[in-house]
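Take a look at the structure set out below.
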Amino acid sequence: MAKQQQGPQEKSQDAGKETITPRAKDYAQWYLDVVKQAELAEHSGVRGCMVIRPHGYAIWERMQRELDDRFKATGHVNAYFPLFIPLSYLAKEEQHAAGFAKECAVVTHHRLKTIDGVVQVDPESKLEEPLIVRPTSETVIWAQYKNWIQSYRDLPILINQWANVCRWEMRTRLFLRTTEFLWQEGHTAHATEAEAIEETHRMLGVYADFAENVMAVPVVQGAKSPGERFPGALESLCIEAMMQDGKALQAGTSHYLGQNFAKSSDVKFLNKDGKLEFPYATSWGVSTRLIGALIMTHSDDAGLVLPPKLAPIQIAIVPIYKSDDEKAKVLQEAEAVFNELKGQGLSVKLDAREGMHPGAKYFEWEMKGVPVRIEIGPKDIEKGSLCLVRRYVAEQEGESEQDLRKRKKAFVPRGEALSGMKALLDEMQRQLYERAKAARVRRTRTIDQLADFERFFKDEGGGFAWVHWAGSAEDEDAMAKKYETSVRCIPLASQIPEAARGEGKCIYTGKPSTQRVVMAKSY
RNA sequence: CGGGGCGUAGCUCAGCUUGGUAGAGCGCGUGGUUUGGGACCACGAGGCCGCAGGUUCGAAUCCUGUCGCCCCGACCA
């Protein structure tokens with residue numbers, strides 16, 4: 001009894017409230033909390049596999065739409081190839097097979113049987129040849145291209161597919177790395193090397209444009225070091241984004257595959273001179289990992305923050321009323337506002353749920369990252385104004401929670417609020433990008449001395465370090481062991497800031513170096 | 001594949017040390033009062049305690065086995 005008195009179950013003040021761990025306390029936990037509380041995704045009963053919930057999937061659908069439009073605009077068409085890849089196909093390209101060997105799901109049987117009351121794999125249904133669940137589709141696609149390509153007139157082939165793939169990773173994280181994930185993979189075939197390389201760069205550009213202008217995520221475009229290249233590629237280009245914790249996240253890749261896959265699949269075409277040649281290939285992809293990038297770039301301790309261009313709901317309308325009389329009036333106005341905004345082509349949600357206090361709705365929509373909330377109550381109707389609340393505003397130093405909340409809120413004359421909504425959303429989109437870019441600048445250094453490098457990553461929180469590099473793969477490994485950093489990319493010339501141009505000496509080996517690379521810790 | 005943790009109500013967990021037949025909070029349903037930043041009251045529904053053996057008169061609890069998931073490391077979009 002005395003024992004009981006000593007340790008009463010302390011009731012948390014937040015009991016029952018869904019809470020998010022602050023970023024400063026535990027960034028990894030914060031990420032998991034946001035994913036869960038914003039109802040983006042959750043763990044399934046299957047190891048390493050997630051369920052993407054409607055709100056998360058809606059974001060993916062918007063990404064798909066934006067990307068797909070860009071693929072079409074650059075001349076690509078969609079198609080679909082099989083989930084299963086015969087082992088012999090995958091094995092055709094040696095480097096490729098070796099690269100994926102350790103993470104393949106393998107189908108070996110095709111039937112179940114009830115034996116002693118237990119449903120199990122029928123041992124007699126063993127496949128002659130095992131099937132690999134695609135980790136990527138180069139080999140199945142090129143097996144088909146063999147039939148489609150005979151002449152230079154058949155080229156280029158510019159195909160994309162939206163699909164799921166499976167990579168049996170040891171360690172998984174929601175969106176960032178799961179056993180099964182959704183993505184798109186472009187696979188093109190060209191008559192000349194120059195054209196294929198151009199394509200590789202073009203699609204990297206598409207990704208960069210999408211990341212910066214739609215996701216509002218600034219990226220560095222560059223090439224992977226040989227050790228980080230896609231298995232089977234001659235060159236892998238990538239876009240690298242910086243997350244709020246200073247770590248780099250590869251957000252998209254575009255590979256120049258040369259003639260490797262054409263050769264291994266024995267695909268040849270007759271050129272204008274009547275000579276047989278192997279076509280040149282590219283492949284490029286982005287995945288649901290982008291949702292992870294989105295979260296870790298913009299979101300805050302109150303939950304998800306979405307750029308208007310990707311927000312499944314751009315505006316949430318919350319009606320406020322007491323009496324039935326008020327309720328009728330308020331709902332009428334709320335519906336009118338809803339229809340007017342919808343008529344502008346905006347994505348609006350009228351949250352008329354009953355028995356839920358307005359405050360609870362505010363929290364929910366904030367958690368889910370809705371850019372703008374409109375509160376409509378009797379007072380607003382009386383004044384002919386709307387209460388607009390932004391999900392985020394440009395930061396000010398040393399601002400209190402109260403002041404920040406106040407600053408997000410604005411009472412705007414009705415007509416002005418409605419006619420200015422698009423502009424407001426555009427402005428918020430721009431602000432998000434600027435904020436992310438400023439955050440990256442704050443954590444970016446041009447570094448020449450190893451001691452400074454060490455201090456940057458060990459004491460100053462780290463970020464992107466622009467350093468001269470002329471080391472070998474072994475040197476890179478050694479750096480990784482010591483500082484947990486790696487060469488994230490060798491930036492394209494256009495990406496190099498003024499201060500980081502010119503030649504120098506490798507930060508690690510001291511050898512002469514022609515350009516700087518971006519080093520960082522990474523996801 | 002190593003190291004750790006956890007499987008009890010939809011969720012988070014208590015109960016297990018010292019076996020006696022199932023609990024809390026949240027959520028959910030109904031009714032009422034509420035509603036400008038996470039409402040409250042009343043009543044109610046909801047569990048083969050991961051699974052399989054064993055010990056015992058009796059197992060969520062003890063023993064053995066087994067399955068699954070999560071977290072930390074080695075591999076990766």
Side-chain angles (χ1 to χ4, degrees), chain A residues 4 7-19 26 28-29 32 36-37 42-50 99-104 118 135-136 165-185 207 224 227-231 236 238-240 248-255 283-293 302 318-324 326-327 330 352-367 373-381 387 389 401-402 405-406 408-409 411 480-481 484 486 522-523:
Chain A
Q4 299 257 334
Q9 277 287 90
E10 199 173 328
K11 248 193 188 173
S12 163
Q13 277 196 319
D14 291 327
K17 291 180 194 170
E18 308 294 354
T19 53
D26 183 345
Q29 188 58 47
L32 288 171
K36 180 161 187 257
Q37 305 301 355
E42 60 194 28
H43 290 288
S44 69
V46 187
R47 180 169 71 99
C49 295
M50 66 176 168
F100 285 106
K102 280 182 281 183
E103 45 188 315
C104 288
V118 180
T136 179
V165 284
C166 187
R167 295 183 187 176
W168 214 269
E169 305 289 353
M170 306 275 68
R171 183 129 155 60
T172 59
R173 300 193 68 183
L174 292 171
F175 288 117
L176 300 177
R177 185 170 302 109
T178 46
T179 302
E180 179 196 14
F181 58 96
L182 305 183
W183 78 346
Q184 59 66 217
E185 45 181 327
Y207 289 154
K224 283 294 179 194
E228 301 244 344
R229 251 176 225 151
F230 176 78
S236 287
C238 61
I239 52 173
E240 294 284 328
L249 182 77
Q250 180 175 312
T253 47
S254 182
H255 313 290
S283 70
W284 28 272
V286 296
S287 72
T288 36
R289 167 180 257 202
L290 288 178
I291 296 173
V318 179
I320 300 157
Y321 50 79
K322 289 196 175 92
S323 64
D324 281 352
E326 275 182 1
K327 178 178 168 184
V330 166
R353 284 176 291 180
E354 304 208 24
M356 196 173 174
H357 280 225
K361 295 179 183 178
Y362 303 164
F363 273 88
E364 181 172 329
W365 297 121
E366 265 168 21
M367 194 103 78
R373 178 174 75 240
I374 303 180
E375 302 172 10
I376 300 178
K379 290 180 204 164
D380 304 297
I381 296 176
C387 175
V389 186
E401 188 87 10
Q402 290 296 316
R405 189 176 275 183
K406 220 176 265 174
K408 287 177 178 169
K409 199 175 266 202
F411 296 91
K481 279 224 173 76
E484 299 178 305
S486 55
S522 73
Y523 277 96

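Naming: A, B, ... by sequence-line order, numbering from 1 per chain. Computed from a predicted structure; not experimentally measured.
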Mark yes or no for a side-chain to base donor-acceptor pair under 3.5 Å between A:E326 and B:G36, with no hydrogen or angle criteria applied. no
May I ask you to say what [X] touches in the nucleic acid, namely base, sugar-phosphate or nothing, with a heavy-atom cut-off under 4.0 Å?
{"X": "A:K379", "value": "base"}
{"X": "A:G285", "value": "nothing"}
{"X": "A:Q250", "value": "sugar-phosphate"}
{"X": "A:G292", "value": "nothing"}
{"X": "A:V46", "value": "sugar-phosphate"}
{"X": "A:Q402", "value": "nothing"}

Taking side chain as C-beta onward, heavy atoms only, is [X] less than 4.5 Å from [Y]?
{"X": "A:E185", "Y": "A:V165", "value": "yes"}
{"X": "A:P135", "Y": "A:E103", "value": "no"}
{"X": "A:K36", "Y": "A:H43", "value": "no"}
{"X": "A:K409", "Y": "A:C387", "value": "yes"}
{"X": "A:W168", "Y": "A:R47", "value": "yes"}

[atom1] spacing across the pair [N] / [M], given as an integer number of angstrom:
{"N": "B:A59", "M": "B:A22", "atom1": "P", "value": "13 Å"}
{"N": "B:G7", "M": "B:C13", "atom1": "P", "value": "8 Å"}
{"N": "B:G25", "M": "B:C40", "atom1": "P", "value": "13 Å"}
{"N": "B:C16", "M": "B:G10", "atom1": "P", "value": "23 Å"}
{"N": "B:U21", "M": "B:U33", "atom1": "P", "value": "42 Å"}
{"N": "B:U8", "M": "B:G47", "atom1": "C1'", "value": "8 Å"}
{"N": "B:G58", "M": "B:G19", "atom1": "C1'", "value": "8 Å"}
{"N": "B:G68", "M": "B:G32", "atom1": "C1'", "value": "45 Å"}

May I have the distance from [X] (atom [atom1]) to [N] (atom [atom2]), rounded to whole angstrom?
{"X": "A:K102", "N": "B:A74", "atom1": "NZ", "atom2": "C1'", "result": "10 Å"}
{"X": "A:R373", "N": "B:G37", "atom1": "CZ", "atom2": "P", "result": "10 Å"}
{"X": "A:W365", "N": "B:G37", "atom1": "CH2", "atom2": "P", "result": "19 Å"}
{"X": "A:E401", "N": "B:G38", "atom1": "CD", "atom2": "C1'", "result": "14 Å"}
{"X": "A:K409", "N": "B:G36", "atom1": "NZ", "atom2": "C1'", "result": "7 Å"}
{"X": "A:Y523", "N": "B:G73", "atom1": "OH", "atom2": "P", "result": "12 Å"}
{"X": "A:Y321", "N": "B:U35", "atom1": "OH", "atom2": "P", "result": "11 Å"}
{"X": "A:L249", "N": "B:A77", "atom1": "CG", "atom2": "P", "result": "11 Å"}

Identify all pairs in which a protein N or O lies below 3.5 Å from an N or O of nucleotides 39-47 of chain B, and state each distance.
unit_1 : atom_1 : unit_2 : atom_2 : d
B:A39  : OP2    : A:H357 : ND1    : 3.2
B:A39  : N9     : A:H357 : NE2    : 3.1

Pairing check on [N]: which nucleotide meets the Watson-Crick or G-U wobble criteria with it, both distances under 3.5 Å?
{"N": "B:G36", "result": "none"}
{"N": "B:A42", "result": "B:U30"}
{"N": "B:C49", "result": "none"}
{"N": "B:G2", "result": "B:C72"}
{"N": "B:C57", "result": "B:G20"}

Between A:T288 and A:C49, which residue's closest nucleotide on RNA chain B lies nearer the 5′ terminus? A:C49
Consider the side chain of [X], meaning its heavy atoms from C-beta on, and name the nucleotide among [options] that approaches it most closely.
{"X": "A:I320", "options": "B:G36, B:A77, B:G37", "value": "B:G36"}
{"X": "A:T178", "options": "B:A77, B:G36, B:U35", "value": "B:A77"}
{"X": "A:K322", "options": "B:G37, B:U35, B:A74", "value": "B:U35"}
{"X": "A:R47", "options": "B:G37, B:C69, B:C11", "value": "B:C69"}

Decide side chain to side chain contact (heavy atoms under 4.5 Å, CB included) for A:C166 and A:T179; before the verdict, give the C-alpha distance in whole Å, the side-chain angles of both, and the deciding distance to 0.1 Å. CA-CA 6 Å; A:C166 187; A:T179 302; 3.9 Å; yes
Just to verify, what does A:E366 make a side chain to side chain donor-acceptor pair (under 3.5 Å) with, not counting sequence neighbours? A:R373
Are there more than 12 heavy atoms of other residues, nucleotides or ligands under 6.0 Å from atom CD of A:E484? no
State whether A:H43 places a side-chain N or O below 4.0 Å from either non-bridging phosphate oxygen (OP1 or OP2) of B:C69. no
Would A:F181 count as stacked on B:A77 if the rule is ring centres under 5.5 Å and plane angle under 30°? yes
When you compare the ring of A:Y362 with the six-membered ring of B:G37's base, are the centres less than 5.5 Å apart and the planes under 30° from each other? no
Look up atom CD1 in A:I291 and atom CG in A:L182, then write down how far apart they are to the nearest 0.5 Å. 8.0 Å
List the residues meeting ring pair (Phe, Tyr, Trp, His ring centres under 6.0 Å) with A:F100, not counting sequence neighbours, and say none if there are none. A:H96, A:F230
